[in-house]
Amino acid sequence: MVRRKTDNFTITEEMRNEALIQIEDICMLMCGSLLATLGMPALSSSMHDAFNREFQREHHFDQPNLAERVRPNVPLLNAEQKNVYDSIMKVVCDETGGLYFLDAPGGTGKTFVISLILATIRSRSQIAVAVASSGIAATLLEGGRTAHSALKLPMNLLTVDQPTCTMNKNSATAKLMRECKIIIWDECTMAHKRALEAVDQTIKDLRGDSKLFGGALILLSGDFRQTLPVIPKSTAADEVIACLKSSSLWRYVKKFKLSTNMRVALQNDPSAAEFSRQLLALGNGEIPVDVSTGLISFPANFCEFTSSKEELITKVFPDIAQNYKNLDWISERAILAAKNNDVDSLNFVIQSQIAGELHSYKSVDSVAY
Ligand SMILES: Nc1ncnc2c1ncn2[C@@H]1O[C@H](COP(=O)(O)OP(=O)(O)OP(=O)(O)O)[C@@H](O)[C@H]1O
């Protein structure tokens, strides 16, 4: 970090500190680490400032602006979405708390509804904490942070039976946990059950209340048809055991369901509707498994099949040596693969077809240090 003085402009200590605060906020979002732990200059703010900052972050929303955004969007909600919105807002108003789960397959408007709930609560000058299991999902929610960073989840989830979150009773996070009207946890299906249990135990302690989550309102959202907790070198059974549905807390969950795919409904595209229906059947385990191989066969009209990786690359990226310069063309295509090995080998082949120098860019939720 450089201090500079120009003829008409001096970078003051406060400006430098403000810049560091903003960089630290980004680091917290990306990897849950403070600047000092990433080998960067530490903030010169006192602990008192740091305390206020974390608390103020949840209060910095422009309330009139949020209210303006909420007003036209509530009438757009479909019946299922409206039921979720009204039910959750009633729990917020009645302060009855509880554990809720919004089961929402992709495209059904989960982010739309959650954003509206967050905006409504914040527009009333109340605190709504938004977290997600991954950094990318956290960036989709206004004021969203990773669950690890915002809830101070312990690192020893796999080795300790009853872990608790690493927050001090006098910390800003503890104050947030006591005062917030709701904690929304998106992509919860990727969380280890002990993470949720640690949050339950910690909030009980902080609020001095033995009710579920100390009487706080927790809204989990996600889709169990997608990613379960990732446990290195584990079996599928280990993942099921680690999953939230295996937690003793799961029996208390009250469930909401979204089923209308809004992406399809808004597009009015029959082939997109059929694809979404097939994806749902796949996720619901409704496609028969071949007992001899343990594999399923995709429906014939599910997608276009290719017989090799090379053919796949040619189909998705035809004449890439020329076309890669066209940003519209390149931004509307991608190959997704489940394993890093496949991603690397596909990338290697595709990149080797493009002339010029190679540059690597980091994803928004990764950090190199
Ligand atoms: N009631 C609604 N009225 C208008 N647009 C809507 C409504 N609900 C959702 N949408 C739009 O539909 C699209 C999909 O919604 P959204 O991104 O919230 O879905 P999602 O369930 O979070 O999907 P994914 O999990 O795949 O991200 C978005 O463009 C969103 O703005």
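The figures that follow rest on heavy atoms only: side chains count, while hydrogens, waters and symmetry mates do not. Note that ligands are numbered from 1 as they come in the structure, with each ligand's atoms numbered from 1 the same way.
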Notebook entry, point to check: Does some side-chain heavy atom of V74 sit less than 4.5 Å from a side-chain heavy atom of K82?
Noted result: yes

Margin query: Do P229 and C243 make a side-chain contact, defined as non-hydrogen atoms from C-beta onward lying under 4.5 Å apart?
Written below: yes

Check: Using heavy atoms and a threshold below 4.0 Å, how should the contact between L77 and ligand 1 be classified: side chain, backbone, both, or neither?
Finding: backbone

Notebook entry, point to check: Which bit of L266 is near ligand 1, meaning a heavy atom under 4.0 Å away: side chain, backbone, both or neither?
Noted result: side chain

Do ligand 1 and [X] have nitrogen or oxygen atoms that lie under 3.5 Å from each other?
X: G107; answer: yes
X: F112; answer: yes
X: A104; answer: no

At what distance is the nearest protein heavy atom to [atom], and which residue and atom is it?
atom: atom 8 (N) of ligand 1; result: Q81 NE2, 3.2 Å
atom: atom 15 (O) of ligand 1; result: G109 CA, 3.6 Å
atom: atom 13 (C) of ligand 1; result: R263 CG, 3.9 Å
atom: atom 22 (O) of ligand 1; result: T111 OG1, 2.5 Å

Notebook entry, point to check: Without hydrogens or angle criteria, can the side chains of Q226 and D223 be said to hold a donor-acceptor pair below 3.5 Å?
Noted result: yes

Margin query: Centroid separation under 6.0 Å, is that true for the rings of F101 and F256?
Written below: no

Next item on the list: Report yes if the distance between the aromatic ring centroids of W185 and F213 is under 6.0 Å, otherwise no.
Entry: no

Margin query: Could you report the tightest heavy-atom contact between V70 and L116, atom names first, then the distance?
Written below: CA-CD1, 4.0 Å

Check: Does the protein put any heavy atom within less than 4.0 Å of atom 27 (O) of ligand 1?
Finding: yes

Checklist line | Test salt bridge (Lys or Arg N to Asp or Glu O under 4.0 Å) applied to D103 and K254, K110, R225, K245, the passing residue | finding: R225

Check: For ligand 1, which atoms have a heavy atom of L76 less than 4.0 angstrom away?
Finding: 1 (N), 2 (C), 3 (N)

Checklist line | Residues K90 and D86 bridged, charged N to O under 4.0 Å | finding: no

